[in-house]
Each structure stands twice: as structure tokens, then as C-alpha cells.
Amino acid sequence: MPVVTPIDRTYAQAARAWPFEEARKLVARYQDGAPKKGYVLFETGYGPSGLPHIGTFGEVVRTTMVRQAFQRLSDIPTRLFAFSDDMDGLRKVPTNVPNQEMLANYIGIPLTKVPDPFGKFESFGHHNNAMLRQFLDDFGFEYEFQSSTDWYLSGRFDQGLLNVLRNYDAIQEIMLKSLREERQLTYSPFLPVSQKSGKVLMTKVVKTDPNAGTIVYEEEDGSLVETPVTGGRCKLQWKPDWGMRWHVLGVDYEMSGKDLIPSVDLGGKICRVLGSPPPEGFNYELFLDDKGQKISKSKGNGLSVEEWLTYAPPESLALFMYQKPRAAKRLYFDVIPRAVDDYLSLVEKFPEEAPAQRLENPVWHIHDGKAPQVGVTLSYGILLNLASVCNAEAKETLWGFISRYLPEATPATAPFLDRLVGYAINYYRDHVKPQKRYRLPDATERAALDELLRYLEAAPAGATAEDLQNEVYEIGKRHPFPDLRAWFKALYEVLLGQDQGPRMGSFIALYGRAETADLIRKVLKGESLSAA
């Protein structure tokens, strides 16, 4: 845990950032001292039925931020469990994995018994767990991975399962009220694992025996089978499982999506029946794709972690997760450049802020109060536009321009900038270049471009990016554009093949006045830059 001085705690107690607001719930929960287990337990849940998507990781990022805030407010030790529900039966075949015909033969089989369609791990569950852990490890999270299969098979859930069996009728009463009449007829909190097929069965339980620790259930062939509920021979339906897990582990904090609010309520009631208070919680809004549809693991219509990290640093992903967690946000490729530049702006401000202000800066929560010095003075957007106009395929191309603009910068002295250069080239290649559409200027635009060309040819050698920007503004004002936005939009469409772009002064300073002048000359000669 970090060393917290009295003054640090004073600032933290007054902080308004949402992780501190959440952490204060736990301070109130244990105002009289630490829980019997000796630590406050944070948990995140993961259903490995499909490839992990960013929403899964967002839950870990946000939970970690609350944990860090709590550590500034309390001396009680903390732990974070990343819990995988990998004993669930495979419900359907994800559309974004190979060997789908093979997987179709394993519907209902526990995920840790389903062969890995990628052929790399012991099972499909192990594969998806590994993907989750790889991300968490790469990001540097402090967590303890927990497997549902391991907890059930090792017997560590046995007392919880027997407790559920003893309170079977009370739990049934809670659950049946939430179900359709047809589902009520066969519902049981216990899902026996068939000794015949190996499937996790959603079937009718005809008898319970708390003294013997057994149930009698209907097999798929109609036969009645008696089985212990312990030792991994049964698992629980996911809502009773959630409540039982909170009780057995003593979970103190777990957040979940807004769509799970009814399930959280049911899990909390079950947890109380078993003898424990439910955890504190936080309900975040769901991520949407570019069409406004809910992101689904099985559909694969969201961004994967690997995709985001192909185009941007992990810090930008953490910032996206921090911002407005109770607002529905679209999560697709177009949000990446803005997230990177927002991060660069915030990390630049951090050293100049007072201690209390820093606690409100997302960078504090991304880096647990220890913000790095990235030393980047060029925006990601500028790098993207430079890559676009150069048709860059290699870092060396962009560094040729950067070194002229920032002579003191090299890949060795500015490693974060060098990483951004690589990300920008990847993003340009995959998401900008295929969409580039150049056009030739109209008469008004030609006249303004001609004036801009004459200015660039005669501009003093010491003209700064701000000088260039001011002159671009003034040229736009001197020509009959509807507004300055139309002038800048014309520059972007004619010179960059895009409808959006950077501050032109900064771009010209980086790309070079002579090079920008050459682009304009080609356009004024009637040459489309699409062939460049």
C-alpha cells in the first residue's frame, strides 16, 4: 500500500472524483475497524464464453481506481480478485472464433472442458482466461486471478453450496418471483453436472436432502439421479452463484453494468439469506458500437483489447474507461485519437497542478498518483495527419519531419513519442488511408489557396506555428467563405483527403512550409493529390 500522510488523507477525504466517492462507501462500511478476514475484498467478474472485450477490462480498470482511492482513505489492507465464471456451460458458439463446427458439438459442456478452438490451451475457458490475464499483466494491475472451476472442484465452495441447500426454499422464493411462469416450473438454483454427458444441466430438481447434502434431478433421458451438491458435481445458476460467492469470499465491493441492476438486487437478497451483507457496488453504463448497439462478446461488434493497443497506448484506454462511467459511450475506432490526445493534455497539466487538483485529474487515477513525464509536444492527431500526407509506412518517414521540427527529439530520447509514431502509422494504414477522398478546390478555395501559397513562399524563416496559424485564419477571413470552418474544411478535404484535420499552423510547421507549398501548387495545377 502507498504511504499516506495526514495531509494526503485530508485532500483525499475532500476529493470529488468518482473513485473517491465510491471509496467512501467502504470507509463507512468499516468505520469501526477491519472485517474479520483482515482485508477489504474487491472483485471483478468475467464470463469467458467469448473472446474478452474492452468492457470486461473496463470493469477491472475502474475497480482498481476505486481500490487506489480507498487506500488513500483507509489503512485496512485490500485485495482484488479477478473471478472467471469458467465452469459455466457453453451456451452458444461465438461468431468470432475459428473451428465453429467443432465447438457446436460442445454446447452445454463446462468451458474448461471445451477444446480450445485456437489449439493453444487446455480448453476454451483456459484460452479466454489467458487473454484476460495477459491484458491485466501487461497493464500492470495488482490482482489475484480466481477460477470458478478451481473453487468448485477443490471444495472451497462446498460450505457455501451446503448453505444454499439448507436455504433452498428461501432462495427459490426470491428467484421464482423474477421468472416467467413457464420457467418457474423447472427452476432450481442448482445445475447438476451430468455424469453421463458431462453437460451442465438446466433441469428440474425433484428432491433436496440438506442432511445428506444431495439433490435428485432429472437427467436428459428422463431418469432420476441423486448427486451431492459438493465437489464440483453441481454448480449454481449465475444469480445464486453470485450471491453465494459474495458470502463465501466476503466480497466488499463489486461493480457491474446498468443492465445487471435487477440481478445485483437478487444476488444481494440471496447473500443476506446465507448470512452476509452484500458488497457495495456501482452500476456503470454499457458501451455501444458505432451504430449505437450494445457490444456483445459473441457478436464481436466491439473493439478488442488487442485492436485498441495496436493503435494507441494503454493509458488512453484507461482514460476512456475513467471518463463518465455512468454515461453510455460509443466504443469504436474513431474514439481512439481523441482519447490519446486527451491523455496527453491531462498528463501535461498534472505537474503544475496543486495536490488537491491532481486528485481530480484522471491521470492520478490511471497511474495511482504517480504520473509519468511523457515529454510529448506533438498531438496524436498531428502525427496522424503527417502520416496521411506522407503516406507513411515506416517510422523513419515521420521521424524525418519530426527531427527537423524538434531537433532535440530522437526515438531514444523521446520513447513515448516514438511509440505514438508507430501507433499513428498503424491507425493511418488501417482506418484513415482506406477512407481518404481528395477533391479539387472550387473558385473561392483556389483563390484562398493561391494566397496561402504566396504567403508560404515569402514567410520569414522564423515564423512559428502560431504565426502560421494566424495567417491561415486571416486568409480565410479575406475570402468569401460562409465561415472559417468552411475554409478549414476545404484545406482538409483538398490537401489531406479528410473532412477533419489538425491546427493548420502546427501541421505546416511540422510538415514543412516548402512541402506544404508543393502540395498547394499541385492542386492549383489541377492535379488531384489522390495519386500522390
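The residue from Phe20, Phe350, Tyr11 that alone fulfils the ring pair (Phe, Tyr, Trp, His ring centres under 6.0 Å) condition with Trp364 is Phe20. Applying the ring pair (Phe, Tyr, Trp, His ring centres under 6.0 Å) test between Tyr427 and each of Phe333, Tyr311, Trp308 identifies Tyr311 as the sole match.
Residues Arg429 and Pro434 approach most closely at O-CD, 3.5 Å, considering heavy atoms. Minimum heavy-atom separation, Pro94 to Lys92: CD-O, 3.4 Å. Heavy-atom minimum distance, Leu286 versus Gly257: CD2-CA, 4.0 Å. For the pair Thr310 and Asn426, the tightest heavy-atom approach, listed with the atom from each and the gap, is O-ND2, 3.0 Å. A pairwise comparison of heavy atoms in Pro502 and Asn385 identifies CD-OD1, 3.0 Å as the closest pair. Taking both residues in full, the closest heavy atoms of Ile366 and Glu315 are given as CD1-O, 3.9 Å, listed atom of the first, atom of the second, then distance.
For His365 (side chain) and Leu359 (main-chain N/O), a donor-acceptor pair under 3.5 Å exists by modelled atom type. Using modelled atom types, no side-chain atom of Arg513 and backbone atom of Leu456 make a donor-acceptor pair closer than 3.5 Å. At distances below 3.5 Å, at least one donor-acceptor pair connects side-chain atoms of Lys436 with backbone N or O atoms of Ser388. Judged by distance alone, the side chain of Lys349 and the main-chain N or O of Asn361 form no donor-acceptor pair under 3.5 Å. The backbone N or O of Val472 lies less than 3.5 Å from a partner atom in the side chain of Trp487, making a donor-acceptor pair. In this structure, the side chain of Asn129 engages the main chain of Gly125 through a donor-acceptor pair within 3.5 Å. Of the possible polar contacts, one joining the Glu445 side chain to the Asp442 backbone as a donor-acceptor pair under 3.5 Å is found. In this structure, the side chain of Ser345 does not engage the main chain of Asp342 through any donor-acceptor pair within 3.5 Å. Between the side chain of Trp18 and the backbone N or O of Tyr322 there is at least one donor-acceptor pair closer than 3.5 Å. Between the side chain of Arg67 and the backbone N or O of Leu41, no donor-acceptor pair lies under 3.5 Å.
Taking a cutoff of 4.0 Å between a charged side-chain nitrogen and a carboxylate oxygen, Arg503 and Glu466 qualify as a salt bridge. No salt bridge links Asp499 with Arg439; every basic N to acidic carboxylate O contact stays at or beyond 4.0 Å. Under the 4.0 Å criterion applied to side-chain N and carboxylate O atoms, Lys258 and Glu285 are assigned as salt-bridge partners. Ion pairing of Glu451 with Arg454 is absent here, as no side-chain N (NZ or NE/NH1/NH2) approaches a carboxylate O to less than 4.0 Å. Classification of Lys522 and Asp518 as a salt-bridged pair fails, no side-chain N sitting under 4.0 Å from a carboxylate O. Ion pairing between Lys395 and Asp418 holds under the 4.0 Å rule for side-chain N and carboxylate O.
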Side chain to side chain contact (heavy atoms under 4.5 Å, CB included) between His126 and Asp116, intermediate numbers included:
CA-CA 8 Å; His126 286 85; Asp116 178 14; over 6 Å; no
Mind running side-chain hydrogen bond (donor to acceptor under 3.5 Å, both in side chains) on Asn391 and Tyr428 for me, showing each step along the way?
CA-CA 8 Å; Asn391 286 312; Tyr428 161 70; 2.4 Å; yes
Test side-chain hydrogen bond (donor to acceptor under 3.5 Å, both in side chains) on Thr413 and Glu408; report intermediate values, then the result.
CA-CA 8 Å; Thr413 62; Glu408 70 282 4; over 6 Å; no
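In this structure, Phe118 CZ and Met131 CE are separated by 7.0 Å, a value rounded to the nearest 0.5 Å. Considering CE of Met65 and CD of Gln68, their distance stands at 7.5 Å, rounded to 0.5 Å. Atom CG of residue Leu80 and atom CD of residue Glu43 lie 9.0 Å apart, to the nearest 0.5 angstrom. Between atom CG of residue Leu378 and atom CG of residue Leu344 there is a gap of 9.5 Å, rounded to the nearest 0.5 Å. A distance of 5.0 Å separates OH in Tyr143 from CZ in Arg133, rounded to the nearest 0.5 Å. Here Phe42 contributes atom CZ and Thr64 contributes atom OG1; the two are 9.0 Å apart, rounded to the nearest 0.5 Å.
The neighbour count for Glu101 CD, taken as heavy atoms of other residues, nucleotides or ligands under 6.0 Å away, does not exceed 12. Taking a 6.0 Å sphere around CD of Glu348, one finds it holds 12 or fewer heavy atoms contributed by other residues, nucleotides or ligands. Applying the 6.0 Å contact sphere to CD of Glu144 captures more than 12 heavy atoms from other residues, nucleotides or ligands. For Glu457, the CD atom sits in a packed shell: over 12 heavy atoms of surrounding residues, nucleotides or ligands are nearer than 6.0 Å. A 6.0 Å sphere centred on CD of Gln500 holds no more than 12 heavy atoms belonging to other residues, nucleotides or ligands.
Residues Val66 and Met255 form a side-chain contact, since some pair of their non-hydrogen atoms from C-beta on lies under 4.5 Å apart. Using a 4.5 Å heavy-atom cutoff, the side chains of Leu495 and Val523 are in contact. Between Trp399 and Leu417 the shortest side-chain heavy-atom distance falls below 4.5 Å. Met321 places none of its side-chain heavy atoms less than 4.5 Å from the side chain of Phe57. With a 4.5 Å cut-off on side-chain heavy atoms, Ser316 and Tyr423 do not count as touching. At a threshold of 4.5 Å between non-hydrogen side-chain atoms, the residues Asn128 and Tyr46 count as touching.
Relative to the six-membered ring of Phe282, Arg62 misses at least one condition, a distance below 6.0 Å or an angle of at most 45° to the axis.
Residues satisfying the side-chain hydrogen bond (donor to acceptor under 3.5 Å, both in side chains) criterion with Thr397, sequence neighbours excluded, are absent altogether. Contacts of Tyr473 classified as ring pair (Phe, Tyr, Trp, His ring centres under 6.0 Å), with partners at least two apart in sequence or in another chain: Phe488.
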